[in-house]
Participant: 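Please read through the structure below; I'll follow up with questions.
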Amino acid sequence: MGADLVIINASNIATCDEQKNYEIIANGYVAVKDGIILEVNAGNAPRELIDNRTTIVDASGKTVTPGLIDAHTHLVHGGSRERELPLKLKGVPYLEILKMGGGILSTVRHTRSADRAELKAKALSSLNQMLLHGTTTVEGKSGYGLDFDTEVKCLEVARELNEQHPVDVVSTYMGAHAIPEEFKGNTQGYIDFMVQKVMPYVAEHKLAEYIDVFCEEGVFTPDESRYILQEGRKLGLKLKIHADEIIPLSGAELAAELKAASADHLLAASDEGIEAMAKAGVTAVTLPGTSFYLMLGKYAQARKMMDAGVRVAIATDYNPGTCPTENLQAIMTFACFGMKMTPEEIIRAMTINAAYAVDRNKEIGSIEPGKKADMVVFNSPNVEFIVYHFGINHVDKVIKNGKIVVQDGKLNF
Ligand code: NIG
Ligand code: FE
């Protein structure tokens, strides 16, 4: 019996296989059976892999990578914020806009007033865009409802989309994204509400796998963040932190202390925090699109992190305020020019390293036998060209669980 699908003649296959030192195979093939990778190798596919039922994908002149994993997004929300652009151009700081009741709080108003169908349609259109650009697994946070009903509604929408759409959605509860207007001046009251009312429901109904906190000046302090995360852990949730995004608050140190799965942003992370993350095995999720969009003139120190032994992932941070794009290929270019990462490092950071950030490294993130057959075929002779020729979509095909779900750059499911 042959394989279900075989990719042949691929100019380059970036396996991202850790055991094989993230080998890039020139002129190779990949065979898939029952949604799982059977074989990946250089040369021509052996004859016994192919019978009259086998789908052949000719990847001459093209590059194959694992399906991209976007390990940090704010997928489900209402509305958009282009109206804030003049304020941003005048140089009004992000945290100032939030203090004025704009920013995240403006999206909270839009999200609360949207009905379930609207929220779902918008998130569905984002998932389609992600898939068209090569993303096969996405982490999605709540955090634009803040009240019980809207947070639950957003997490339920994410769950439905996970069941109905080819892209896998890993859900995170992020009630601790901002202090809602009804709790203004009463942060502790809001924390008690989350811990006593929302988090037990979310955990009991398995609406999220992770909990995340915006640890930032004027939002949640490190002590408050620690408390919320520890309470989440008691309920069985895994931990993520928006850490050291704008003001240095030792968020990286906190992530290391709590052995979080990931610390995200990290523009203002200290050297001690980076060392501590390396020791604790916390994955850094860097978000160079957000650095660009916030006009901070500053990026996470990815090279320093890699030198210190931190596993570095890269994600979009897709959200309506600080990085309104679903396109990980655009983020590749920001990562290269902003963080001075090489194209090979960038592909790893969006595949195997991102898989660690969502605790899926055993199932996805690399092209090796036994892993899920999630792969992207790029109209690009090598990995460098995808990053170098920017602002266009290089995707030819996306294969998810062994099925071609994007064909000739168009949805096919
Ligand atoms: O990751 N920093 C906090 N949260 C998002 C932005 C959310 C927003 O502005 O709507 C972020 O950058
Ligand atoms: Fe974020």
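For the numbers below, each heavy atom of this structure counts, side chains included, while hydrogens, waters and symmetry mates do not. Counting convention: from 1, in listed order, for ligands and their atoms alike.
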Participant: Examine distances only and state if a side-chain atom of T316 and a backbone atom of L328 form a donor-acceptor pair shorter than 3.5 Å.
Facilitator: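 Not a single qualifying donor-acceptor pair exists.
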
Participant: E245 versus ligand 1: do any nitrogen or oxygen atoms come within less than 3.5 Å of each other?
Facilitator: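 Yes.
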
Participant: Would the distance check show the side chain of N162 and the main-chain N or O of V169 forming a donor-acceptor pair, the cut-off being under 3.5 Å?
Facilitator: yes

Participant: Between E39 (side chain only) and V30 (backbone N and O only), is there a donor and an acceptor less than 3.5 Å apart?
Facilitator: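 Absent.
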
Participant: Need the ligand 1 atom indices (1-based, order shown) with element for anything under 4.0 Å from a heavy-atom of N319.
Facilitator: 5 (C), 6 (C), 7 (C), 8 (C), 9 (O), 10 (O), 11 (C), 12 (O)

Participant: Between E181 and K184, is the salt bridge (charged side-chain N to carboxylate O under 4.0 Å, His left out) condition met? List the steps.
Facilitator: CA-CA 5 Å; E181 269 151 347; K184 200 170 177 183; over 6 Å; no

Participant: Can you check ring-ring contact (aromatic ring centres under 6.0 Å, His included) on F220 and F214, steps first, answer last?
Facilitator: CA-CA 6 Å; F220 295 93; F214 190 14; 8.3 Å; no

Participant: R81 near ligand 1, heavy-atom distance under 4.0 Å?
Facilitator: yes

Participant: Under 4.5 Å between any side-chain heavy atoms of T135 and V398, yes or no?
Facilitator: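 No, too far: nothing below the 4.5 Å cut-off.
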
Participant: Could you list which atoms of ligand 1 come closer than 4.0 Å to a heavy atom of G321?
Facilitator: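 So the answer, numbered in order with elements, is 9 (O), 10 (O).
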
Participant: Within a reach of under 6.0 Å around CD of E217, are more than 12 heavy atoms found that belong to other residues, nucleotides or ligands?
Facilitator: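 No, because the 6.0 Å sphere around CD of E217 holds 12 heavy atoms or fewer from other groups.
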
Participant: Give the atoms of ligand 1, by number and element, whose distance to some non-hydrogen atom of H72 is under 4.0 Å.
Facilitator: 1 (O)

Participant: Closer than 4.0 angstrom: is that true for some heavy atom of H265 and an atom of ligand 1?
Facilitator: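 A heavy atom of H265 does come that close to ligand 1.
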
Participant: Salt bridge or not for E363 and K371, using N-O below 4.0 Å?
Facilitator: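 Looking at K371 together with E363, the answer is no, because their closest N to O distance does not fall below 4.0 Å.
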
Participant: Would you please test D17 and S366 for side chain to side chain donor-acceptor pair (under 3.5 Å) and show each step?
Facilitator: CA-CA 5 Å; D17 184 338; S366 58; 5.6 Å; no

Participant: Out of all atoms in ligand 1, which are within 4.0 Å of some heavy atom of D317? Include the element for each.
Facilitator: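 Listed by number with element, the hits are 1 (O), 11 (C), 12 (O).
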
Participant: At a cut-off of 2.8 Å, list the protein N/O/S atoms near the Fe ion (ligand 2), residue plus atom name.
Facilitator: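 Under 2.8 Å from the Fe ion (ligand 2) - ignoring waters, which are not counted - the protein N, O or S atoms are H72 NE2, H74 NE2, H242 NE2, D317 OD1.
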
Participant: Which of these, F214, Y318, Y144, has its nearest heavy atom closest to atom 7 (C) of ligand 1?
Facilitator: Y144

Participant: Report the nearest protein non-hydrogen atom to atom 9 (O) of ligand 1: residue, atom name, distance rounded to 0.1 Å.
Facilitator: Y94 OH, 2.5 Å

Participant: Geometry only, no angles: is T107 polar-contacting ligand 1 at N/O separations under 3.5 Å?
Facilitator: no

Participant: What's the shortest distance from atom 4 (N) of ligand 1 to any protein heavy atom, and which residue and atom give it?
Facilitator: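 Going atom by atom, the protein heavy atom closest to atom 4 (N) of ligand 1 ends up being H177 NE2, 2.8 Å.
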
Participant: Name the one of F390, F292, Y299 that satisfies ring-ring contact (aromatic ring centres under 6.0 Å, His included) with F334?
Facilitator: F292

Participant: What protein heavy atom sits nearest atom 12 (O) of ligand 1, and how far off is it?
Facilitator: T322 OG1, 2.7 Å

Participant: Is the distance between the ring centroids of Y210 and Y173 under 6.0 Å?
Facilitator: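 No, the ring of Y173 stays outside the 6.0 Å limit from the ring of Y210, centre to centre.
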
Participant: Can you tell me how far apart CD (E160) and CG (L124) are? Round to the nearest 0.5 Å.
Facilitator: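 Those atoms lie 11.0 Å apart.
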
